[in-house]
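Before any comments, here is the structure.
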Amino acid sequence: MTTTATHTTERHLFTIAHHWRDLREHLATRGTTWPPTMGIGIISRRDQDDEQAEAATWQAEALRALERDPAQPGWTAAPLRLDVLNTMVTVEAGLLELADQTAAAVQHAPITPAPPRRSWPDDPRARRTAEADDRRRNKLALRQGKDPRRWRYTGAQRTAPLAALWLLARTQGVRGPWRPLTEAEQHRIDVVARTSAGLVERALDVGDGRVRLTALCPECAGPLDMHGGSGASPVVRCDDCGRTWAQTGP
């Protein structure tokens with residue numbers, strides 16, 4: 001993978017980790033449209049993740065219906081943004097699956113503790129040497145097993161931002177209990193990171209969108225791109241002559 005592509009992957013992974021708190025804050029804010037867009041492509045193929053996403057969606061819809069009930073007195077909490085919820089479930093499931101599969105392929109297994117000895121050498125010096133070897137092995141096994149750099153398949157660290165940061169360290173070539181990534185492994189991280197970062201930016205409207213239009217420039221017949229995002233009005237720009245049109249233009 002080229003240096004430019006690697007830097008792009010790093011930027012995507014950092015975007016996910018950086019904006020995850022923003023997604024949590026937007027989860028309880030009102031959306032501008034209803035119903036929300038639900039056509040987000042699923043990165044993960046796990047049935048369990050799909051069931052969790054469906055259950056969370058149904059729970060959020062039931063909560064919103066309850067909050068909109070006229071019989072509810074007084075102040076009620078803001079409804080959940082289902083589009084943001086769907087984005088968070090999708091991105092987290094994809095990153096966790098990617099981190100699991102990457103760790104299974106590149107992460108070195110820690111050494112096992114010394115097995116119990118059925119017998120010891122009769123020579124006292126040889127026995128002391130064997131006992132010292134077992135103690136060193138057990139100490140090393142404990143240290144490797146508790147290495148905080150390791151990706152773990154259970155526990156509290158299994159979140160989207162931590163998975164993104166762990167994959168970011170793999171992409172940057174940080175040394176640790178793993179081998180370097182192959183080109184295919186790094187390419188897969190790039191694909192998932194780019195897709196996930198796009199979902200996050202779209203949910204928060206913080207990305208700079210760019211879409212190639214089928215129409216050609218009326219001045220020079222060059223290709224036209226529509227630029228937008230980050231709350232700005234869309235602008236059409238010709239790549240050849242550089243002419244631009246605002247949203248109200250032709």
Side-chain angles (χ1 to χ4, degrees), residues 1-45 53 57 64 78-95 98 160 164 167-168 171-172 183-184 186-250:
M1 182 176 289
T2 62
T3 302
T4 302
T6 302
H7 289 168
T8 302
T9 304
E10 295 172 359
R11 178 172 56 84
H12 290 327
L13 293 171
F14 179 79
T15 296
I16 299 169
H18 178 69
H19 287 297
W20 197 254
R21 179 178 296 180
D22 298 332
L23 284 175
R24 292 188 180 278
E25 294 176 354
H26 278 68
L27 185 61
T29 60
R30 290 185 178 273
T32 56
T33 59
W34 183 262
T37 303
M38 298 299 293
I40 299 177
I42 300 299
I43 301 175
S44 173
R45 296 183 296 272
T57 301
R64 181 177 180 86
L80 293 179
R81 288 276 304 274
L82 297 188
D83 54 338
V84 177
L85 175 64
N86 195 23
T87 297
M88 296 178 68
V89 172
T90 301
V91 170
E92 188 164 64
L95 289 178
L98 178 62
L167 293 169
L168 175 62
T171 301
Q172 292 176 335
E183 185 175 352
Q186 200 156 2
H187 174 70
R188 187 180 180 203
I189 294 177
D190 173 60
V191 172
V192 177
R194 181 174 63 251
T195 305
S196 300
L199 293 176
V200 172
E201 291 177 340
R202 193 175 304 118
L204 298 175
D205 193 19
V206 295
D208 295 328
R210 178 177 178 178
V211 178
R212 176 60 56 89
L213 304 180
T214 57
L216 298 178
C217 177
E219 297 294 329
C220 66
L224 293 177
D225 290 336
M226 177 174 288
H227 301 262
S230 300
S233 299
V235 175
V236 178
R237 179 179 296 108
C238 177
D239 283 351
D240 289 349
C241 67
R243 184 174 179 181
T244 60
W245 293 268
Q247 186 176 8
T248 57

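Just the heavy atoms: all of them, side chains too, but no hydrogens, waters or symmetry mates, feed the values below.
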Candidate pair Leu13 and Ile189, rule side-chain contact (heavy atoms from CB on, under 4.5 Å), full reasoning: CA-CA 9 Å; Leu13 293 171; Ile189 294 177; 4.2 Å; yes

Chi angles and distances behind the side-chain contact (heavy atoms from CB on, under 4.5 Å) call for Glu25, Asp22: CA-CA 5 Å; Glu25 294 176 354; Asp22 298 332; 4.1 Å; yes

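The two atoms that bring Trp20 and Met88 nearest to each other are CH2-O, 3.4 Å, heavy atoms only. Contact record, Ala160 with Leu95: O-CD1, 3.6 Å, taken as the closest heavy-atom pair. For the residue pair Leu23 and Ala203, the shortest heavy atom distance occurs at CD2-CB, 4.0 Å. Nearest heavy-atom pair, Val192 versus Gly94, reported as atom, atom and distance to 0.1 Å: CG1-O, 4.3 Å. Heavy atoms only, all atoms of each residue included: Ala193 and His12 are closest at O-CB, 3.5 Å.
Put simply, the side chain of Val91 reaches to within 4.5 Å of the side chain of Ile16, judged on heavy atoms. Looking at Gln186 and Thr9, their side chains never come closer than 4.5 Å, going by heavy atoms from C-beta outward. Contact annotation: the side chain of Cys217 never approaches that of Pro223 to less than 4.5 Å [non-hydrogen atoms, C-beta and beyond].
For Arg24, there are no side chain to side chain donor-acceptor pair (under 3.5 Å) partners, not counting sequence neighbours. Listed by chain and residue number, Arg243 satisfy the side chain to side chain donor-acceptor pair (under 3.5 Å) test with Glu219 (two or more places apart in sequence, or in another chain). Legend: residues meeting side chain to side chain donor-acceptor pair (under 3.5 Å) with Arg194, ordered by chain and number and at least two apart, are Asp190.
Separating the OG1 atom in Thr6 from the CD atom in Gln172 is a distance of 10.0 Å, to the nearest 0.5 Å. Rounding to the nearest 0.5 angstrom, the gap separating the CG atom in Asp83 from the CG atom in Leu199 is 11.5 Å.
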